[in-house]
Amino acid sequence: MQHCTSLDGRAPEVINFGVMGYGTAQELLMLRRQAIRYSPDVVVLAFFPGNDVYDNWPPLQSLFPAESLGPRPFFYYQDGRLQVDKSFRSAPHSLEVSERAVYGSRLRRLLWHFRIWQLLYHLHYSGPLAAVWIAARTIEKAWTSGGALSDRFANVERSDRLVLNPPSGKAWRDAWRVTEGLVSETADEAQEAHARFLLVVLSESLQAYPGRAAREALLRNAGVKDPFYPNKRLAALARSRGFAVLSLGEPLQKYADEHKVFLHGFANVVAGVGHLNEAGHEITGDMIAERICAMVAPPRSTAASRAPAAPPETWRRRRDESLTRATERRRSSDP
């Protein structure tokens, strides 16, 4: 953002409210309860097609139990309006479930308190030990499954079949309906607080897998015809609701093909699968910053841009009114 002329030399303040494992429902509550208090100029909602849809609907939580971080609030439709489900509050040991999912068994959680364990864990994922570990894992998987590559991608392909295809069955249709409602409500509340809103649709790993032939083979194995179905659906939602959207899957795929580089995954685990790596983060960050810079640019020569700006007291009043409404919603949906 340091090269953004729209900022006129001002340094932007970026506050990250992202939390590991949050779905769109929790992100909406975070906006209501915390983020809106800072009177943001721009609200960015990052949406990950890989799990955000099934994260938003309770009946789908059993699909990937290892990734479900315990009880949490959900939303459902009642009389055409989204309502928050607070039943998770009665679930026992909700915080312990999340901790157990992240750190594992009690013994492993205890070991994390020792520096020697942290050092061994670090060495396990770096340097020569990592190379030995990768070779051992590859031999093990090739021996047990008959195909190391197909075994590595098996779980990814199963996930892609579910999340990248059009919804199959009532549960997935309901999940998409609630998801679109949550995204729309997040956009409405940001704009009501006089903040610009940007939906960023993050890339799923096989969308940006480099090499057309290899990518198409993996997608065929996964049973995915159009890997950008979620991106296109959310872009259509943005057009219908009048908010900005940045879909990263398509440009990252193009970049990966042109430069023959993996933007997801890590060499010491599985290249091409999983989280964005350093290169992927850098390119993604640049694209998001460029889009935000364009959003905050003053309008060109229009009657509206030539009109006198509202006095500061007017904006303060509007902001206070927005914060009051946000507080009321926060109280009504407090989980």
Is any side-chain heavy atom of [Y] closer than 4.5 Å to one of [X]?
X    : Y    : result
L206 : V224 : no
L31  : V43  : yes
D85  : F75  : no
L263 : S203 : no
N277 : H264 : no
R196 : Q191 : no
E189 : L28  : yes
L164 : P230 : yes

Within this structure, what is the [atom1]-[atom2] distance for the pair [X] and [Y], rounded to the nearest 0.5 Å?
X    : Y    : atom1 : atom2 : value
R177 : W57  : CZ    : CH2   : 8.5 Å
T24  : M30  : OG1   : CE    : 13.5 Å
D226 : R233 : CG    : CZ    : 13.0 Å
N231 : E204 : CG    : CD    : 9.5 Å
L234 : T179 : CG    : OG1   : 8.5 Å
L162 : S168 : CG    : OG    : 7.0 Å

Exercise for the section: Report the C-alpha separation of Q61 and R72 in whole Å, then their side-chain angles, then the decisive distance to 0.1 Å, and conclude whether the side-chain hydrogen bond (donor to acceptor under 3.5 Å, both in side chains) test is met. Expected result: CA-CA 11 Å; Q61 297 304 289; R72 52 179 147 178; 3.1 Å; yes

Just to verify, what does [X] make a side-chain contact (heavy atoms from CB on, under 4.5 Å) with, not counting sequence neighbours?
X    : value
R173 : P167, K170
E278 : none
A236 : R239

Check for a donor-acceptor pair, side chain of [X] on one end and backbone N or O of [Y] on the other, with a separation under 3.5 Å.
X    : Y    : result
Q253 : Q207 : yes
R241 : A238 : no
R161 : G223 : no
D160 : A222 : no
Q83  : Y77  : no
D257 : G211 : yes
S6   : C293 : yes

So which heavy atom on [X] is nearest to which on [Y], and how close?
X    : Y    : result
P49  : V163 : O-CB, 3.5 Å
S205 : G274 : CB-N, 3.7 Å
S240 : L237 : OG-O, 2.8 Å
K225 : N165 : N-OD1, 3.8 Å
A46  : D52  : O-OD2, 3.9 Å
A175 : L60  : CB-CD1, 3.6 Å

- Are the aromatic rings of F17 and Y22 close, with centres under 6.0 Å apart?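 No; Y22 has its ring centre 6.0 Å or more from that of F17.
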
inquiry  = Are F88 and F74, when compared by the centres of their aromatic rings, separated by less than 6.0 Å?
reply    =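 Aromatic pair excluded; centres sit 6.0 Å or further apart.
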
Q) Are L45 and V14 linked, directly or through other ILVMFWY residues, by side chains that come within less than 4.5 angstrom of each other? A)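 Looking at the clustering, V14 is in a separate group from L45.
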
- prompt: Is it the case that D55 and Q26 place a side-chain donor and acceptor less than 3.5 Å from each other?
  reply: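 Judged by distance alone, the side chains do not pair up.
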
Tell me which one of L198, V201, I292, L202 satisfies side-chain contact (heavy atoms from CB on, under 4.5 Å) with L246.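 So the option named by the test is L198.
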
### Message
Please evaluate residues E250 and K254 with respect to the criterion salt bridge (Lys or Arg N to Asp or Glu O under 4.0 Å), reporting the C-alpha separation (whole Å), side-chain torsions for both, the decisive distance (0.1 Å), and the verdict.
### Response
CA-CA 6 Å; E250 298 89 339; K254 181 179 179 181; over 6 Å; no

- Task: Evaluate side chain to side chain contact (heavy atoms under 4.5 Å, CB included) for D286 paired with T284, printing each intermediate quantity in order.
- Result: CA-CA 5 Å; D286 288 343; T284 295; over 6 Å; no

Review point. If you look only at pairs with a residue in residues 225-258, which of them pass as a ring pair (Phe, Tyr, Trp, His ring centres under 6.0 Å), with sequence neighbours excluded?
Key: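 Qualifying pairs: F197-F243, Y255-H259.
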
> So which pairs with a foot in residues 164-187 pass ring pair (Phe, Tyr, Trp, His ring centres under 6.0 Å), sequence neighbours left out?
Replying inline: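 Not a single pair qualifies under ring pair (Phe, Tyr, Trp, His ring centres under 6.0 Å).
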
- prompt: What residues, two or more places apart in sequence or in another chain, satisfy salt bridge (charged side-chain N to carboxylate O under 4.0 Å, His left out) together with E27?
  reply: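 Salt bridge (charged side-chain N to carboxylate O under 4.0 Å, His left out) list for E27, sorted by chain: empty.
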
